[in-house]
Novice: 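Got a structure for you, written out below as structure tokens; questions coming shortly.
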Amino acid sequence: MTPAAAPPPRPWQVVVNLPVPAYDFAVPHGFVGGPPLGCRVLVPWRGELVVGLVVGEGDPRGGHRLREAVHVLDDPACPWVPAATVAGVQGWAHDARLPAGLVWGDLLGVGWQAAYAHMVRAVEGADLSAFARKVPTERWTDAGAFAPNLLDAIREQGLLEERFTARPRTKTVVEARPLDDVPPASRTVTVIQAAAQRPTTLTPKQAQACAWLAEHGPQETLSGWAKGAGISAGVVTAALNAGGAEYVRVQAPPPEAWTWLREHGPLDSYAAWANGASAQGVPLSPTVAGTLALRGWADTVEVPAPPPALPEPCALVADPTLPDRLPEEAVWRLHGGRAATRFGVLAPRVGRLLSQGRGVLVLAPDHATLRRAWEGLSGLAEACGTRAVQIAGTLSEAQREHSWHLLGMGAARLVIGSGHALSAPLHDPALVVVLEEASDAHKLLSGSRAFLPDVAARIASAHDAALAYVGAAPAAESVPWPGAVLPPPKARVHVVDYANPPEQPELGPLSSVQHKQGDMGYPISHDLARVLRQVQERGRQAVLLAPRRGYSALLRCPTCEHTPHCRNCDVALRFHQETRQLTCHQCGYHEAIPDRCDNCGDRMWKARGPGTEWIAQEVGKLLPGFPVYRLDKDRQDDLSPLHAGEPGVVVGTQLLLSGEPPPNLALVGVTLADTWLNVSDFRASERYHRLLRQLAEWHPTRAPMLVVQTFQADHPALRVMVEGRDTLAYPAAEERARKALGYPPHARLAQIEVTARDPRKAQAAAQELADAFHGAGATAQEVLGPAPSPVARLRGVYPYHLFLRARHDARLGELLRVLDTRTWKARVRVDVNPRGGL
DNA sequence: AGCACGCCGACT
DNA sequence: GTCGGCGTGCTC
């Protein structure tokens with residue numbers, strides 16, 4: 001009786017860092033155990049080996065023969081990404097209709113490059129003569145000696161044996177070679193020494209030279225001898241040729257530079273050696289240092305690199321022993337107060353979990369928020385017997401990898417970071433904290449376009465960890481969760497109402513309307529100007545928030561109203577006065593300012609819509625001699641004098657908020673608030689309100705005056721600030737409005753973008769899609785559009801948008817399934833939970 | 001994302 | 001005849 005054939009092991013689903021779905025790979029020969037979920041593997045890919053991540057099990061009877069995964073890089077007991085995290089991310093990628101590789105490429109920031117030694121040999125008795133040129137023999141050889149695609153061809157036939165060993169991070173250093181190993185030729189030197197017996201044929205001068213040499217000892221050069229003896233070079237040469245002196249090789253003392261390196265080395269480079277030695281009185285140039293190494297006095301060697309220095313934890317500021325009054329539910333929120341207060345309230349909970357040996361993950365949308373969280377929480381980890389690490393783009397690759405290992409070993413249990421921290425191998429996570437959950441910085445602009453709080457929620461749920469939203473003001477979406485609310489910091493808000501200029505009795509109503517902007521002062525109102533002068537007089541600091549970079553939003557011909565537009569996009573070109581250029585802020589296209597209007601030939605241009613350059617220029621006129629700094633994507637002035645406390649004004653875009661506030665900040669001016677409202681997005685007013693709240697809490701202790709210039713002085717997002725209403729007043733009202741309109745959190749949205757180079761093709765494909773949705777039973781409430789994108793042409797392509805609005809996730813999933821029914825005649829991209837545009 | 005393949009228009 | 005534009009398809 002023959003034993004029943006064991007069922008073939010199920011293949012592994014592996015993602016690589018490319019925008020493609022997970023592919024199946026056969027289990028490597030001889031691998032024992034279940035699928036190593038979350039481990040990195042080396043897989044054959046287009047003739048090379050690439051790092052992939054095991055995210056699941058595939059179909060055991062696949063349609064075609066599979067390639068084998070070649071090597072498992074991580075110990076399955078300690079995967080690179082926790083298995084629950086893998087499940088959470090995979091679930092999100094599936095629901096968002098995104099190729100898994102695209103999602104993992106965005107989320108996993110550490111580990112796609114693995115350092116390993118790779119040795120190969122031919123299997124015993126294999127005949128590789130069919131392969132070209134140089135092929136592996138039966139001796140182990142470094143794989144680098146062969147073309148990767150040749151190795152892959154041999155591998156595919158099962159004729160290759162491979163061995164992988166992890167190679168720790170190394171660095172190259174210069175170290176002094178032991179004296180015994182220095183080549184003898186380098187340890188001797190040729191010198192000129194007087195002959196033992198002086199020939200009788202020497203002239204008197206020659207004899208005199210030889211006598212000097214005998215007395216003063218051997219010389220290294222002829223010229224040294226000549227100079228020392230005070231005799232011409234010709235005579236000493238003749239004396240040498242006549243046999244009065246001879247070249248001999250003698251033992252030389254080791255060079256001083258070598259002795260120095262033996263005492264102070266090893267060092268990172270020849271330059272470091274040269275600088276270090278020179279600084280201590282041993283003259284050495286990098287070139288000479290290199291020559292010494294060439295002669296065998298020093299070697300460059302690979303040594304294991306020490307672990308990189310990680311950010312130091314801050315002092316413990318919050319008291320973890322205070323009572324913990326935060327909700328115990330699976331999802332909760334904490335908003336209001338100042339950042340330091342919020343972390344103080346959060347500390348008892350985080351401290352308790354860390355003390356229990358559990359893990360806490362904190363997701364920050366930007367660098368400034370990350371820094372505040374680090375200041376508020378990192379000291380806590382030390383106090384609770386563990387340590388905190390950061391995983392963020394501001395750290396080096398080596399630092400991120402080291403932090404990753406500390407988490408994987410369980411040595412660190414608090415991780416604070418960007419989206420890259422979400423997949424970190426944190427042990428037993430009990431709490432995932434999403435900071436400033438309404439921030440647009442959580443939305444990845446390219447690739448997967450993931451909204452990180454959505455992914456964080458999936459990961460928390462997969463780990464059965466609690467999820468907390470913490471920030472200055474909640475998103476309307478977080479309002480329904482149970483939560484704790486702190487009173488907002490006091491704000492002194494002054495509103496400049498451009499729409500209602502003060503009564504001017506001496507002028508008639510008509511002229512008042514005609515001149516109202518001029519009368520109130522534009523782009524800097526008289527009110528704002530007055531406060532700015534006070535700032536100057538008192539030597540304080542001010543920040544002005546401009547709605548855009550550049551000089552102006554556009555140029556307009558005063559005669560015919562013509563405005564220069566981008567040749568690739570359907571937008572007006574921004575005017576940059578400093579570079580004398582018109583620039584497209586969508587695609588980067590730029591051109592010199594045209595001499596005359598293309599349309600009517602007029603030579604005049606008028607700027608409209610002030611930007612940072614314009615505002616800075618106005619401030620310069622207003623406050624002569626007062627330092628004016630600028631901070632936007634185009635120009636980042638050095639603000640260190642301000643941070644040292646010197647007086648001045650900074651004009652910038654929202655980029656300002658990602659830095660520290662100046663210490664003597666007395667005034668924050670929003671030069672034109674309406675820019676935050678004049679966007680076609682249902683989240684615009686929430687974003688505006690959050691901006692005001694963030695400005696009010698920006699300075700950690702002060703409450704600077706907030707001057708807001710606007711045409712919509714009665715906007716509720718601003719009114720609640722003026723009236724000093726509580727933290728939840730506006731977000732709760734917004735949430736009620738969303739309910740009435742059927743927007744999140746009372747609906748799930750997805751944007752479907754259809755793009756093509758031909759606008760008619762894009763429009764037709766979008767319409768076809770809409771028809772398909774309706775054909776599948778979608779209602780008119782559920783499918784909105786298609787409509788051309790707000791920017792009808794972008795980088796030369798014409799995007800059309802279609803919106804799906806479903807009551808809940810399940811219905812959205814049902815609707816999205818229509819996309820899989822067939823292929824479409826244009827590029828179709830889905831963005832679930834889109835932000836911006838609608 | 002890359003990198004093939006393949007189909008059309010502009011040149012020696 | 002070829003060179004080279006970029007549209008389409010594939011990667012286990």
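Proteins come first, then strands; the chains are lettered A, B, ... in the order of their sequence lines, and each starts at number 1.
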Novice: Consider the side chain of A:Arg46, meaning its heavy atoms from C-beta on, and name the nucleotide among C:dC12, B:dC3, B:dA1 that approaches it most closely.
Specialist: B:dC3

Novice: Write down the distance between CZ (A:Arg827) and C1' (B:dA1), rounded to a whole number of angstrom.
Specialist: 11 Å

Novice: Rounded to whole Å, please give me the gap between CD in A:Glu48 and C1' in B:dG2.
Specialist: 11 Å

Novice: Expressed in angstrom and rounded to an integer, what is the separation of A:Leu102 atom CG from C:dT11 atom C1'?
Specialist: 15 Å

Novice: Remember a base hit wins even if backbone is also touched, and classify A:Arg67 as base, sugar-phosphate or nothing at under 4.0 Å, heavy atoms.
Specialist: sugar-phosphate

Novice: Rounded to whole angstroms, how far apart are CH2 on A:Trp45 and C1' on B:dA1?
Specialist: 11 Å

Novice: Specify the separation, in whole Å, of atom CD of A:Gln13 and atom C1' of C:dT11.
Specialist: 16 Å

Novice: Measure the distance from CH2 on A:Trp112 to P on B:dA1 and round it to the nearest whole Å.
Specialist: 15 Å

Novice: Would you call A:Arg574-A:Asp634 a salt bridge at under 4.0 Å N-O?
Specialist: no

Novice: Flag the pair A:Arg67 and A:Asp152 as a salt bridge only when some basic side-chain nitrogen lies within less than 4.0 angstrom of an acidic carboxylate oxygen.
Specialist: yes

Novice: Starting at CG of A:Leu18 and ending at P of B:dG2, how long is that distance when rounded to a whole Å?
Specialist: 7 Å

Novice: Is any side-chain N of the basic residue among A:Arg458 and A:Asp95 closer than 4.0 Å to the acidic one's carboxylate O?
Specialist: yes

Novice: Are A:Asp681 and A:Arg835 close enough for a salt bridge, meaning some N to O gap below 4.0 Å?
Specialist: no

Novice: Write down the distance between OH (A:Tyr23) and P (B:dA1), rounded to a whole number of angstrom.
Specialist: 14 Å

